[in-house]
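Reckoned from all heavy atoms, side chains included, excluding hydrogens, waters and symmetry mates. Convention: sequence-line order gives letters A, B, ...; per-chain numbering from 1.
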2 protein chains.
Amino acid sequence: MANGNAVHQQEPALTIAQVAERTGLSHDTLRYYERAGLIERVGRTTGNQRRYAAADLAWLEFLLRLRETGMSISDMRRYARLRAAGGATLTDRLAMLRAHRDELARRIHVLQGNAGVLDSKIKHYETLIDQQPR
Amino acid sequence: MANGNAVHQQEPALTIAQVAERTGLSHDTLRYYERAGLIERVGRTTGNQRRYAAADLAWLEFLLRLRETGMSISDMRRYARLRAAGGATLTDRLAMLRAHRDELARRIHVLQGNAGVLDSKIKHYETLIDQQPR
DNA sequence: GTAGGACCTGGAGTGTGCTCCAGGTCAATT
DNA sequence: AATTGACCTGGAGCACACTCCAGGTCCTAC
């Protein structure tokens, strides 16, 4: 009946290795994110080893979306602190997300333009190679 | 009739400041790109100051597309060296561009997925804020 | 109860892509 | 010819986001 953890919860409680595998982040990066304030101090066993709850994993996965879309560590930290501060910061968080979303839309647009330039260059090269088939 | 330049060409021959302004790159970055082998040694005046030809500017602008789409300096250098090596490298360059184009398509796709996640989160926050309007 | 792998901390080190600096030369203006 | 701002070189420094390390503790299996 006892589960041997100081963290008394019925949730999965993953080890850092399991979280690393699920998120694709390294052990070091996970610890770095905690030090950097991107995730709140994660639960520990009596022996001081991390045990991640399902909610920690979900938050990490959202952080990964932010990171993949180019948000800096310091902006993610700002967001994380607002989140930790509770419901009163909802509008601030919403503003951050909207700004990030807009910036992302802009960047996708630029990338699509550049993809077009690449396509033309590729077509040009294909023509050159066809014309000089040796 | 003489133009005062060692580089005897009828082309514009821009100074580094003019190229910086047109490309948005800093003077230092332009010199760095030359040292890094992204651009071939640019023409100089008798006094050893850079004068960029129109072709240099066009190449820089293409490099900027590569950079904006996330190509690393070392890959850009590889590409630049192939280009400098002449027509026999056309197929190699084409292969590089195709690979980069494919990777770019993949990344745009991921970004669009993440944009969707952000949109849901934003909608969720909007609902929360509406429900608790004080 | 012991071996060996997983995990801990604080701090140093790394790769990338610039950016800045010192100590000079060059060029346009007066 | 003197001033002043633009430009030169080689090399050091920087911000970012990790990544690695030393020296230790913990935990699972036997």
When the C1' atoms of the five terminal pairs at each end define the local axes, what inter-axis angle does the helix from C:dG1-D:dC30 to C:dT30-D:dA1 show, to 10 degrees?
10°
Is the side chain of [X] donor-acceptor paired with the backbone N or O of [Y] at a distance under 3.5 Å, no angle test?
{"X": "A:Ser72", "Y": "A:Asp75", "answer": "yes"}
{"X": "B:Ser26", "Y": "B:Thr29", "answer": "yes"}
{"X": "A:Arg77", "Y": "A:Ala36", "answer": "yes"}
{"X": "A:Arg81", "Y": "A:Leu38", "answer": "no"}
{"X": "A:Arg44", "Y": "A:Val42", "answer": "yes"}

Which residue lies more 5' along DNA chain D, comparing B:Gln49 with B:Asp28 via nearest heavy atoms:
B:Gln49
Would you tell me if any nitrogen or oxygen in the side chain of B:Thr45 comes within less than 4.0 Å of OP1 or OP2 on C:dA27?
yes
Is the distance from OP1 or OP2 of C:dT16 to the nearest side-chain N or O of B:Ser74 less than 4.0 Å?
no
Check this for me: does the side-chain of B:Arg67 come within 3.5 Å of the base of C:dG17 through a donor and an acceptor?
no
Measure the shortest side-chain to side-chain distance between B:Leu25 and B:Leu64 over non-hydrogen atoms and say whether it is less than 4.5 angstrom.
yes
On DNA chain C, more 5' by nearest nucleotide between B:Met76 and B:Gly47 is B:Met76
Would you classify A:Arg50 as touching base, sugar-phosphate or nothing, given that sugar-phosphate means primed atoms plus P, OP1 and OP2, and contacts are heavy atoms under 4.0 Å?
sugar-phosphate
Considering every strand and a 4.0 Å limit on heavy-atom distances, what is the contact class for A:Ala17: base, sugar-phosphate, or nothing?
sugar-phosphate
Measure the acute angle between the ring planes of B:Tyr79 and B:Phe62, then classify it against the limits of 30° and 60° as parallel, tilted or perpendicular.
tilted
What is the first contacted nucleotide of DNA chain D and what is the last, in 5' to 3' order, if contact means an atom lying under 4.0 angstrom from a heavy atom of chain B?
D:dC7 to D:dG11
